[in-house]
Number of protein chains: 2
Amino acid sequence: MKISTKGRYALRLMLDLAMSDSSRPTHIKEISARQDISVKYLEQIIAILNKAGFVRSTRGPQGGYSLRWDPEEYTVGMILRLTEGSLAPVACVEDGGICPRDEQCVTVEVWKRLNDAINGVVDHITLADLIHWQEEKNQNLDYII
Amino acid sequence: MKISTKGRYALRLMLDLAMSDSSRPTHIKEISARQDISVKYLEQIIAILNKAGFVRSTRGPQGGYSLRWDPEEYTVGMILRLTEGSLAPVACVEDGGICPRDEQCVTVEVWKRLNDAINGVVDHITLADLIHWQEEKNQNLDYII
DNA sequence: TCTTTTTCATACCGATTCAATAGGAATATG
DNA sequence: CATATTCCTATTGAATCGGTATGAAAAAGA
């Protein structure tokens, strides 16, 4: 019942992009340094985001990646589902999931509620929210220091 | 981000026990037949529940298992956490979990909310609720047939 | 045109977890 | 003593996790 590194790193990666200077593409090396994740692993993860059209890529020197849309258009759910696959806690409450025990089984009600609770969280937080939280956190840090 | 068979089977197992004739111990074979889970796998799962004192066991012929407490005293969370381990979506929001990036990291807020949402569901459903739902479902089935 | 910097694609790998199965020991009943 | 049950531990095949490694392709600049 864990979110894997792929999903977690993808979220940090997208937030990093969202908070980067949007006037030029950000290259993987920078993100790798800031987020302390290997370049090679980041490449794999961003490839998924790129194929899905979540980011725009530019090759060659001065190349890199940038967000395709505004931060408020990305929900955490979109990013996690893309990289993690379904977030449903069991297969039988997935879209198109079928269970042979459906008629008798009542534990499925638990899974449905769990699924709704999970979706309720991830589908209502956007990258814009994360940016906002990050800015608040940075301010507090400045204040302390 | 899935609940494994261990947790799912444990829940069905406990519900099965809760709905069984409590005047005598229920043996694994019966549960295996009703739930369509192998005897050997069930043995392993119930061993966990037994060690934790969730069920009482009696050996020998006419032996078997029975619930130790009333159904309303078992939450789904207790059963799942025992068999699955922590339900926290990432290690850093677990009890005693520490993260070196805590100061800077803002995605942790996502995980906290997710964690709260998950706990909010599983800690507020008891075996008694499941029994109730099952009885309702059975009634509806009878009605249709 | 050559070098450099970047993305892009794919293969590989060790460790761990999952989902069981298997074999047999211990214990109680009758 | 035979039988029915729980109890204990080992094994296994497959999948997943969390990356590394290698190198091709493309673009920019000298």
Side-chain angles (χ1 to χ4, degrees), chain A residues 1-13 16-17 20 24-33 35-68 80 83-87 89-92, chain B residues 1-13 16-17 20 24-33 35-68 80 83-87 89-92:
Chain A
M1 204 37 195
K2 287 276 182 289
I3 303 277
S4 75
T5 53
K6 229 179 202 170
R8 289 188 278 130
Y9 291 177
L11 198 55
R12 279 164 56 191
L13 193 169
D16 191 294
L17 272 186
S20 298
R24 61 170 184 87
T26 306
H27 51 258
I28 287 286
K29 249 170 120 178
E30 298 178 64
I31 304 179
S32 166
Q35 299 297 327
D36 198 32
I37 304 170
S38 88
V39 167
K40 280 301 177 188
Y41 200 20
L42 275 179
E43 278 182 354
Q44 270 183 60
I45 294 165
I46 208 161
I48 303 171
L49 296 159
N50 193 19
K51 257 174 222 158
F54 283 28
V55 298
R56 182 197 326 274
S57 73
T58 332
R59 286 176 163 205
Q62 274 73 56
Y65 299 91
S66 45
L67 288 194
R68 173 91 57 174
L80 291 184
T83 48
E84 291 278 304
S86 162
L87 297 180
V90 299
C92 57
Chain B
M1 202 40 191
K2 286 276 183 290
I3 302 279
S4 75
T5 52
K6 230 178 200 170
R8 289 187 281 131
Y9 291 176
L11 198 55
R12 278 164 58 190
L13 193 168
D16 192 293
L17 272 185
S20 298
R24 60 170 186 86
T26 306
H27 51 259
I28 287 286
K29 249 170 120 177
E30 299 177 63
I31 304 178
S32 167
Q35 298 297 328
D36 199 32
I37 303 169
S38 88
V39 166
K40 280 302 182 184
Y41 200 21
L42 275 179
E43 278 181 355
Q44 272 184 58
I45 294 166
I46 208 160
I48 303 171
L49 296 160
N50 193 20
K51 258 175 220 155
F54 283 27
V55 298
R56 182 198 326 275
S57 74
T58 332
R59 287 177 160 203
Q62 273 73 56
Y65 299 91
S66 45
L67 288 194
R68 173 91 58 174
L80 291 183
T83 48
E84 290 278 305
S86 161
L87 298 180
V90 300
C92 57

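Residue numbers start from 1 in every chain, and the chains themselves are labelled A, B, ... in the order their sequence lines are given, proteins ahead of strands.
For the pair A:L11 and A:R8, the minimum side-chain heavy-atom distance is 4.5 Å or more. Side-chain contact between B:R12 and B:I37 is present, with heavy atoms from C-beta onward closer than 4.5 Å. The shortest side-chain heavy-atom distance between A:Q35 and A:L13 does not fall under the 4.5 Å cut-off.
Across the protein-nucleic acid pair, B:I28 atom CD1 and D:dC8 atom P stand 14 Å apart, rounded to whole Å. Rounded to an integer number of Å, the gap from B:H27 NE2 to D:dC7 C1' is 17 Å. With rounding to whole Å, B:L42 atom CG is found 13 Å from C:dT21 atom C1'. The CD1-C1' distance, from B:I48 to D:dC7, rounds to 13 Å in whole Å. Computed from coordinates, the B:Q35 CD to C:dA19 P distance equals 17 Å when rounded to whole Å. D:dC7 atom C1' lies 12 Å from atom CD1 of B:I46, rounded to whole Å. One atom, CD1 of A:I45, and another, P of C:dA9, lie 16 Å apart when rounded to the nearest Å.
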Tabulate below the donor-acceptor pairs under 3.5 Å that side-chain atoms of residues 59-66 of chain B make, not counting sequence neighbours, or state none.
none

Study note, to complete from the structure: Letter by letter from the 5' end, nucleotides 17-30 of chain D scores (B base, S sugar-phosphate only, - none; protein heavy atoms under 4.0 Å) -SBB-BB-BSBS--
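One finds no side-chain N or O of B:N50 lying less than 4.0 angstrom from the OP1 or OP2 phosphate oxygen of D:dT6.
Smallest separation of non-hydrogen atoms from A:L80 and A:G7: CD2-O, 3.5 Å.
Interatomic distance, CG of B:L17 versus CZ of B:R56, reported as 11.5 Å (0.5 Å rounding).
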